[in-house]
Chemist: 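Just passing along the structure, written as structure tokens.
Chain identifiers are assigned alphabetically (A, B, ...) following the order of the sequence lines, protein sequences preceding nucleic acid strands; residue numbering begins at 1 within each chain.
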Protein chains: 2
Amino acid sequence: MNTPLPNQPVRGSHSGVAIMAVFDLLGRKWNMRILWELRTGPQTFRTLQENCDNMSPSVLNNRIKQLADARLLATSPTGYQLTELGNTLMTTLDPLRAWASVWEKQL
Amino acid sequence: MNTPLPNQPVRGSHSGVAIMAVFDLLGRKWNMRILWELRTGPQTFRTLQENCDNMSPSVLNNRIKQLADARLLATSPTGYQLTELGNTLMTTLDPLRAWASVWEKQL
DNA sequence: GTATATTGCTACTTATTTCGTAGCGAATTG
DNA sequence: CAATTCGCTACGAAATAAGTAGCAATATAC
């Protein structure tokens, strides 16, 4: 499973359009969640795993590599943390929380 | 595969917190892409399939049902289209395009 | 009004992804 | 130096997605 990056073909699309790479990357299970959990600060492998409902370590490890390839997270002395890019992504996804609560009310 | 909805347990989380349901739903392959393709207007089953890189009809059908359950899309005389909720979701995801292009530049 | 094409699917098989569990080697703590 | 914690790998089982064929219903063409 290769890491979807802009300017190169991604799963299901050969256009290389950046937004398609985003959909491919974030559409893989756990990726959005992992970034979300790291919003509030760095976490170790095992803490992150616990916070992501004990997702399997093999998948977590795989995801960490993908997200690192995509320059959205990086390792630090205190654990994995968002890069600047990862942070700005989370900021653009931030309004999702508000949307989710509207959604919740309407259902 | 059940449809993740707020206020009920979703894959990997039993909290019922709305944002987790969003991650579960949007984290499934094609869901974000399908909504994105419908941004600009209604599409028939087969057109949608073509625009989603000829995804398999079985999965498309499955996703349509999920997204309809989640009240994000509905059928109309001219094909499938976003509901009001679906539209507001796409609006909140709109800044992703801008982020994606920054991402592209930095890689 | 009958042949042709298109549309929305379903069925089924195969491939890929994800899960779940066990556990190892390195670093840290007592 | 024993015990724990940590990051991670291996690997079989389960779930999900892909790929292909095709059918029934409606629309279009002649």
Chemist: Which nucleotide wins on minimum distance to the side chain of Lys29(A), given the candidates dA17(D), dC19(C), dG8(C)?
Modeler: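 Nucleotide nearest to Lys29(A)'s side chain: dC19(C).
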
Chemist: Provide, to the nearest angstrom, the distance between the CZ atom belonging to Arg28(A) and the C1' atom belonging to dC19(C).
Modeler: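 Taking atom C1' of dC19(C) as the reference, CZ of Arg28(A) is at 17 Å.
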
Chemist: Does Arg39(B) qualify as a cation-pi partner of Trp36(B), given the criterion of NZ or CZ under 6.0 Å from the six-membered ring centre and within 45 degrees of its axis?
Modeler: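 Here Arg39(B) passes the 6.0 Å and 45° test against Trp36(B).
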
Chemist: With a non-hydrogen cut-off below 4.0 angstrom, is Thr44(B) in contact with a base, only sugar-phosphate, or nothing?
Modeler: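 Thr44(B): backbone/sugar contact only, no base atoms under 4.0 Å.
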
Chemist: Quick one: is dG7(D) close enough that its OP1 or OP2 comes under 4.0 Å of any side-chain N or O from Lys65(A)?
Modeler: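 Lys65(A) to dG7(D) OP1/OP2: no side-chain N or O under 4.0 Å.
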
Chemist: Let me spell it out: for each of Ser56(B) and Gln49(A), pick the nucleotide of DNA chain D with the closest heavy atom. Which residue's pick is nearer the 5' end?
Modeler: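 It is Gln49(A), whose closest nucleotide lies nearer the 5' terminus.
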
Chemist: Please report the distance, rounded to the nearest Å, between CZ in Arg46(A) and C1' in dT28(C).
Modeler: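 My rounded result for the distance is 13 Å.
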
Chemist: Round to a whole Å and report the spacing from CG of Leu60(B) to C1' of dT7(C).
Modeler: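 Checked: the CG to C1' distance equals 12 Å.
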
Chemist: Please check the phosphate of dC19(C) (OP1 and OP2 only) for any side-chain N or O of Trp30(A) closer than 4.0 Å.
Modeler: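 Yes.
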
Chemist: Using OP1 and OP2 only, check whether a side-chain N or O of Arg63(A) sits under 4.0 Å from dT18(C).
Modeler: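 Arg63(A) to dT18(C) OP1/OP2: side-chain N or O found under 4.0 Å.
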
Chemist: What is the distance, rounded to the nearest whole Å, between atom CG of Asp24(A) and atom P of dT16(C)?
Modeler: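 Atom CG in Asp24(A) sits about 15 Å away from atom P in dT16(C).
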
Chemist: Is the phosphate of dT9(D) approached by Asn61(A) (side-chain N or O, under 4.0 Å from OP1 or OP2)?
Modeler: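 True: Asn61(A) side-chain N/O within range (under 4.0 Å) of dT9(D) OP1/OP2.
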
